[in-house]
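Below is one structure, written out as structure tokens; the observations come after it.
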Amino acid sequence: MNFENFHIIKHPLIEHKLTYIREKHTSKKEFKELVDEVALLMAYEITKDFSLQEIEISTPICKTKSKVVSGKKVVLVPILRAGLGMVDGILKLIPSARVGHIGLYRDEKTLKPVSYYFKIPSNCEDREFILVDPMLATGGSAVAAADMLKKAGAKNIKFMCLIAAPEGVEKFCKAHPDVKVYAAGLDEKLNEHGYIVPGLGDAGDRLFGTK
Ligand code: PRP
Ligand code: URA
């Protein structure tokens, strides 16, 4: 897809794990573990632009200068429910990140997002938001979530998903050209029910065992 703000994160481990996430015989336990692991690996890649600052520390041997991530106030925002499955993995890498929540579900008939919850930390302007949801299908939920973050004052947003459909990428990238979108896989299309093909099925149901 030719959108400047859309990026596929390519890594053999991510591709390997994504295969088993897609596989329908993967157990609920393994599915959650794999989603966590892929989220962690992707977070490692998308934080490469974090800037560093030098601080003075004392090793057991002497004083020295060494680098730490400079004052980034990261807010991780899962789109409920399925986005929750990506939170623990990313928090392993960025344990100090605050966590906001956006409650949205997709109406089964219209496929339009229905909003039911919104809570993020205050002082949004100087924070770095990482919005997460495993699936970018029609794009309705992700676009609505980014709209809500911007309305609350967020200036700096990245969106991370596991699998994207071309329809969702186009909708999101056109609506939010300033938001970088990262996916582990770009699939072929949506089916008549709005599910990604080949996809992984219903991410929320597979994570929480609710089918
Ligand atoms: C899924 C998924 C996304 C949305 C993607 O959530 O986790 O939020 O669908 O579809 P879209 O791009 O067409 O909006 P769902 O509505 O099934 O809710 P859930 O996470 O509570 O299961
Ligand atoms: N939501 C899902 O969980 N899976 C899809 O394929 C599309 C939307």
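We number each residue from 1, following the sequence as shown. Whatever order the structure lists ligands and atoms in, that order sets their numbers, starting from 1.
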**Asked** Is there a path from Ile21 to Ile90 through hydrophobic residues (I, L, V, M, F, W, Y) whose side chains come within less than 4.5 Å of each other?
**Response** yes
**Fill in**
For residues 154-172, the salt bridge (charged side-chain N to carboxylate O under 4.0 Å, His left out) pairs (sequence neighbours left out) are Asp49-Lys158, Glu128-Lys158, Glu170-Lys174
**Request:** For the pair His7 and Tyr182, name the ring-plane relationship: parallel under 30°, tilted 30 to 60°, perpendicular over 60°.
**Result:** parallel
Can you give me every donor-acceptor pair (side chain of residues 135-149, partner residue at least two apart or in another chain, under 3.5 Å) with its distance?
| unit_1 | atom_1 | unit_2 | atom_2 | d |
| --- | --- | --- | --- | --- |
| Thr138 | OG1 | Gly140 | N | 3.1 |
| Asp147 | OD1 | His176 | NE2 | 3.0 |

**Asked** Are Arg81 and Tyr116 in a cation-pi contact, defined as NZ or CZ under 6.0 Å from the six-membered ring centre and within 45° of the axis?
**Response** no
Could you list, one pair per line, each nitrogen or oxygen of ligand 2 together with any protein nitrogen or oxygen closer than 3.5 Å, giving atom names and the distance rounded to 0.1 Å?
| unit_1 | atom_1 | unit_2 | atom_2 | d |
| --- | --- | --- | --- | --- |
| ligand 2 | 3 (O) | Ala203 | N | 2.8 |
| ligand 2 | 4 (N) | Gly201 | O | 2.8 |
| ligand 2 | 6 (O) | Ile196 | N | 2.8 |

Any protein N/O atoms within less than 3.5 Å of an N/O atom in ligand 1? List the atom names and distances, or say none.
| unit_1 | atom_1 | unit_2 | atom_2 | d |
| --- | --- | --- | --- | --- |
| ligand 1 | 7 (O) | Asp133 | OD1 | 2.8 |
| ligand 1 | 8 (O) | Asp133 | OD2 | 2.4 |
| ligand 1 | 12 (O) | Ala137 | N | 2.9 |
| ligand 1 | 12 (O) | Thr138 | N | 3.1 |
| ligand 1 | 12 (O) | Gly139 | N | 2.8 |
| ligand 1 | 13 (O) | Arg106 | NH1 | 2.8 |
| ligand 1 | 13 (O) | Thr138 | N | 2.9 |
| ligand 1 | 13 (O) | Thr138 | OG1 | 2.5 |
| ligand 1 | 14 (O) | Ser141 | N | 2.9 |
| ligand 1 | 14 (O) | Ser141 | OG | 2.6 |
| ligand 1 | 16 (O) | Arg106 | N | 2.7 |
| ligand 1 | 20 (O) | Arg81 | N | 3.0 |
| ligand 1 | 20 (O) | Ala82 | N | 3.0 |
| ligand 1 | 21 (O) | Arg81 | N | 3.2 |
| ligand 1 | 21 (O) | Arg81 | NE | 3.1 |
| ligand 1 | 22 (O) | Arg81 | NE | 3.3 |
| ligand 1 | 22 (O) | Arg81 | NH2 | 2.9 |

**Request:** Test Glu23 against Thr26 for side-chain hydrogen bond (donor to acceptor under 3.5 Å, both in side chains), laying out the working first.
**Result:** CA-CA 6 Å; Glu23 164 58 49; Thr26 297; 5.6 Å; no
**Item:** Side-chain ion pair, Lys32 and Asp36, N-O less than 4.0 Å
**Value:** yes
**Item:** Neighbour count above 12 (heavy atom, 6.0 Å) for Lys180 NZ
**Value:** no
**Asked** With the 4.5 Å side-chain cut-off for hydrophobic clustering, are Phe31 and Ile79 part of the same group?
**Response** no
